[in-house]
Amino acid sequence: MGENSAIDEVLSGLNPQQRRAAQHGDGPLLIVAGAGTGKTATLVHRVAWLIAKGVDPGRILLLTFTRRAAAEMIRRVDSVLRQLERLDQGATVSRPHVGRVWGGTFHAIATRLLRRYAKAVGLAPAFTIHDRTDSEDLLNVVRTELGLVKTEKRFPNKGTCMAIYSRCVNARQQLAEVLAGHFPWCKEWGDELKRLFDAYVDRKDDASVLDYDDLLTFWHDLLADPQAGELVRKRFDCILVDEYQDTNLLQAEILYQLSPTGKGLTVVGDDAQSIYSFRAATVRNILDFPKHYPNATVLTLEQNYRSTQPILEATNQVIRLAKERYAKDLWSKRSEGDRPMLVTCEDEDDQADFVVRQILGHREGGIPLRRQAVLFRASHHSILLEAELTRRNIPFHKYGGLKFIETAHVKDLMAFLRLAENPRDVVAGSRALELLPGIGPTKARQLMAMLADSGGDFAAWREWKPPAAAGKLWPKFFALVEDLAAAKTDLAGQVHRTRNFYQPILEDRYDNPRPRARDLEQLEQIASRYRDRRTMLAEITLDPPASTQDLAGPPVLDDDYLVLSTIHSAKGLEWDAVYVIHASDGNIPSDMATGSTEEIEEELRLFYVALTRAKRWLCVGYPLRYYHYPGSFSDAHGYGQLTRFLPERALRLFRRATTTAPEGEEDEDLGEDLAREPRLSSRSVRKRTKRFWS
DNA sequence: CTGTTGAAATTTTTT
DNA sequence: ATTTCAACAG
């Protein structure tokens with residue numbers, strides 16, 4: 001078989017649009033791909049096609065939203081090339097080198113490039129990376145130093161300051177504009193914020209640390225350098241970008257600098273699934289792509305391979321509420337299937353109970369747990385369900401929300417490693433030092449200053465006289481960091497030593513040390529999987545394991561678990577059965593996001609993303625009654641209203657159910673209205689009784 | 001200067 | 001319910 005017919009054979013599984021996209025030539029290409037339209041398959045085949053056509057895999061850059069997505073794509077590219085090899089023995093396919101494709105998130109790729117070209121932008125190659133909490137900590141230190149804490153009126157808190165800063169950088173907007181547009185209540189603090197940000201930037205430089213935004217900024221400015229920029233540009237022949245609708249202006253500029261004419265540039269996205277504007281992502285990137293690259297080709301994928309037609313009809317109705325969008329009419333050949341279900345639940349308990357029963361029913365029907373998922377707007381929406389699943393011994397993995405790596409004890413332990421890696425990292429250093437009794441912010445700062453003066457040599461601490469309280473631990477601490485800095489043992493050994501040192505501190509500081517200690521044992525396990533400390537520290541902050549269980553090691557094939565996920569973390573994934581819970585106004589859309597029409601529009605798209613994850617069964621639930629307003633310490637309760645994103649014409653496409661009574665058994669004496677919106681149940685009475693002792 | 005205690009404010013999504 | 005802040009004792 002000749003080369004051309006072999007590649008034809010490989011591409012024959014694609015539909016005509018997908019195929020055109022995969023075989024597109026050099027010019028800039030935008031693929032507008034609706035939910036479930038085989039976007040990944042298209043991208044995978046395009047990469048395979050490029051390699052088959054002789055492009056060096058090491059010169060392909062694949063930018064994805066998560067590391068997992070990149071790994072998955074590279075795995076599939078490899079499989080397509082394998083197939084090609086079988087079909088065409090004589091073909092010159094460089095399959096064994098597929099692993100050389102540069103794949104990862106913008107931030108991960110930035111890290112790789114910046115390590116290599118550190119000198120060109122004046123960075124120490126051993127720079128460490130701050131995650132959001134580290135950045136906020138540093139910002140807070142600066143804020144205190146500038147005396148912005150004791151202002152008459154309260155100064156915006158560190159999280160808000162960080163968000164403002166971040167938006168300026170990522171949206172490439174002036175502070176004044178950002179304040180007016182997104183933080184009007186902070187307008188009066190403009191001058192103070194300027195001082196704060198100036199000082200923050202300087203402090204990061206002193207500490208040789210980069211925050212998430214810096215990774216992009218430095219990459220951007222590296223590309224602007226006449227010599228180094230040219231070197232980086234020349235590294236890549238083809239650049240492919242997934243989830244383009246969730247890139248921000250800074251990222252778009254990076255792409256533009258990598259390929260000013262758009263030669264070799266492919267971007268894929270769906271404007272209807274843009275859900276990251278809080279990270280300054282802008283739909284404008286995808287909408288204006290043809291303007292920025294005048295010779296761009298735009299291809300649209302509309303045939304959905306994921307969901308059944310009844311589900312698609314419902315989701316199409318939902319997205320029709322969007323004000324501005326590229327009209328796409330998704331259709332599927334899978335016309336059979338149940339209509340989606342809308343369940344009105346009495347309260348949160350009923351909702352959890354109903355969902356669990358559905359899940360078990362589907363499992364009995366042959367759908368394993370791992371092909372089912374429960375999705376929700378905010379991480380805490382699943383707490384009750386988690387309790388119920390635990391009670392019933394149903395295994396689950398939760399994605400999104402607080403990550404393993406963000407828990408205090410893990411951050412503590414990592415602080416030692418980070419300090420050893422980069423002795424100028426004051427955030428990590430202070431964190432480790434302040435674990436010792438008798439050492440607080442002031443002494444920690446002094447010690448870090450001594451360390452900086454000595455050029456990062458821990459010997460500078462040898463003569464230091466610790467306060468009495470730290471007397472016993474200090475020599476051990478000193479020996480530990482010196483050994484870590486000298487990297488006397490392998491990485492797992494370093495974690496082990498640190499763990500031994502930290503154990504008594506852990507026991508002293510936390511009520512429940514045992515599970516925490518177990519987490520740290522796990523951390524030691526994963527440490528052995530990394531090449532070196534620097535890599536581990538960077539990769540773990542850039543792409544933290546999405547669920548605690550992910551750390552346990554390679555998944556055992558036959559263990560089955562349900563997926564719980566925030567909608568954001570469910571991006572790009574799909575399941576046979578999907579349950580969207582808490583679909584009530586206030587949760588979807590979130591009360592925090594109803595300030596502007598743009599925000600509400602984004603919440604709509606978020607709901608749309610949730611619904612379109614379902615392949616065969618879709619179930620939307622909302623409780624009528626909440627027993628607590630979030631955060632309220634009274635026992636005030638509230639009534640839930642169905643989300644505004646399910647108007648009548650969408651509702652017609654749903655089956656309706658309630659948890660009050662099995663179907664057909666409604667009490668005839670109840671008026672229609674009461675039956676539809678029950679006010680009271682035995683459960684709620686019991687619950688109110690319980691409040692006297694719980 | 002640290003560490004503790006009690007009062008007050010604040011709650012989304014994530015690289 | 002949890003996190004953050006201010007005040008005070010050692």
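This one's a predicted model, so the numbers in the text were calculated from it and none came from an experiment. Letters A, B, ... mirror the listed sequences (proteins, then strands); counts begin at 1. As a basis for the values below, the full set of heavy atoms in this structure was taken, side chains included, without hydrogen atoms, waters or symmetry mates.
For A:Thr247 (side chain) and A:Tyr244 (main-chain N/O), a donor-acceptor pair under 3.5 Å exists by modelled atom type. With A:Arg115 contributing its side chain and A:Phe127 its backbone, the two residues share a donor-acceptor pair below 3.5 Å.
The aromatic rings of A:His381 and A:His582 lie tilted to each other, with the angle between the two planes from 30° to 60°.
Atom pair A:Glu602:CD and B:dT12:P shows a separation of 16 Å (rounding to whole Å applied). Straight-line distance from the CG atom of A:Asn587 to the P atom of B:dT12: 12 Å, rounded to whole Å. For the pair A:Ile567 CD1 and B:dT14 P, the computed distance is 11 Å after rounding to whole Å. The interatomic distance linking A:Tyr244 (OH) with B:dT15 (P) rounds to 20 Å, in whole Å. Distance A:His130 NE2 to B:dT15 C1': 16 Å, rounded to the nearest Å. With rounding to whole Å, A:Glu434 atom CD is found 13 Å from B:dC1 atom P. The CG-P distance, from A:Asn248 to B:dT13, rounds to 20 Å in whole Å. To the nearest angstrom, C1' of B:dT13 lies 13 Å from NZ of A:Lys398.
Between A:Glu434 and A:Lys443 no salt bridge is recorded (no basic side-chain N to carboxylate O distance below 4.0 Å).
In the set B:dT13, C:dC5, B:dT2, C:dC5 carries the atom at the smallest distance from any side-chain atom of A:Arg143. Of the listed nucleotides (B:dT15, B:dC1, B:dT13), B:dC1 has the atom at the smallest distance from the side chain of A:Lys443. For A:Phe278, the listed nucleotide lying nearest its side chain is B:dT14; candidates were B:dT14, B:dT15, B:dT2. Set against C:dT4, B:dT2, B:dT11, the side chain of A:Met592 has B:dT11 as its closest nucleotide. Nearest nucleotide to the side chain of A:Lys158, out of B:dT13, B:dT15, C:dT4: C:dT4. Listed nucleotides B:dT12, B:dT14, B:dT2 differ in distance to A:Thr442; the shortest reach to its side chain belongs to B:dT2. The side chain of A:Arg132 sits closest to B:dT14 out of B:dT14, B:dT12, B:dT2.
Distances shorter than 4.0 Å separate none of the side-chain N or O atoms of A:Ser569 from OP1 or OP2 on B:dT13.
The number of heavy-atom neighbours closer than 6.0 Å to OH of A:Tyr256, taken from other residues, nucleotides and ligands shown, is 12 or below.
Between the side-chain ring of A:Tyr276 and the base of B:dT13, no stacking contact exists by the 5.5 Å and 30° definition.
Side-chain to base pairing of A:Arg279 with B:dT13: no donor and acceptor N or O lie closer than 3.5 Å to each other.
One P atom belongs to B:dT13, the other to C:dT4, and the distance between them is 15 Å to the nearest Å.
Contacts of A:Ile439 with the nucleic acid, taken as non-hydrogen atoms under 4.0 Å apart, involve only primed sugar atoms and P, OP1 or OP2.
Nearest-nucleotide assignment on DNA chain B puts the 5′-proximal partner with A:Gln446, out of A:Leu542 and A:Gln446. Across the interface with DNA chain B, nearest-nucleotide mapping of A:Pro437 and A:Ser590 shows A:Pro437 to be the residue nearer the 5′ end.
When the salt bridge (charged side-chain N to carboxylate O under 4.0 Å, His left out) test is applied to A:Arg605, the partners found at least two apart in sequence or on another chain are A:Glu602.
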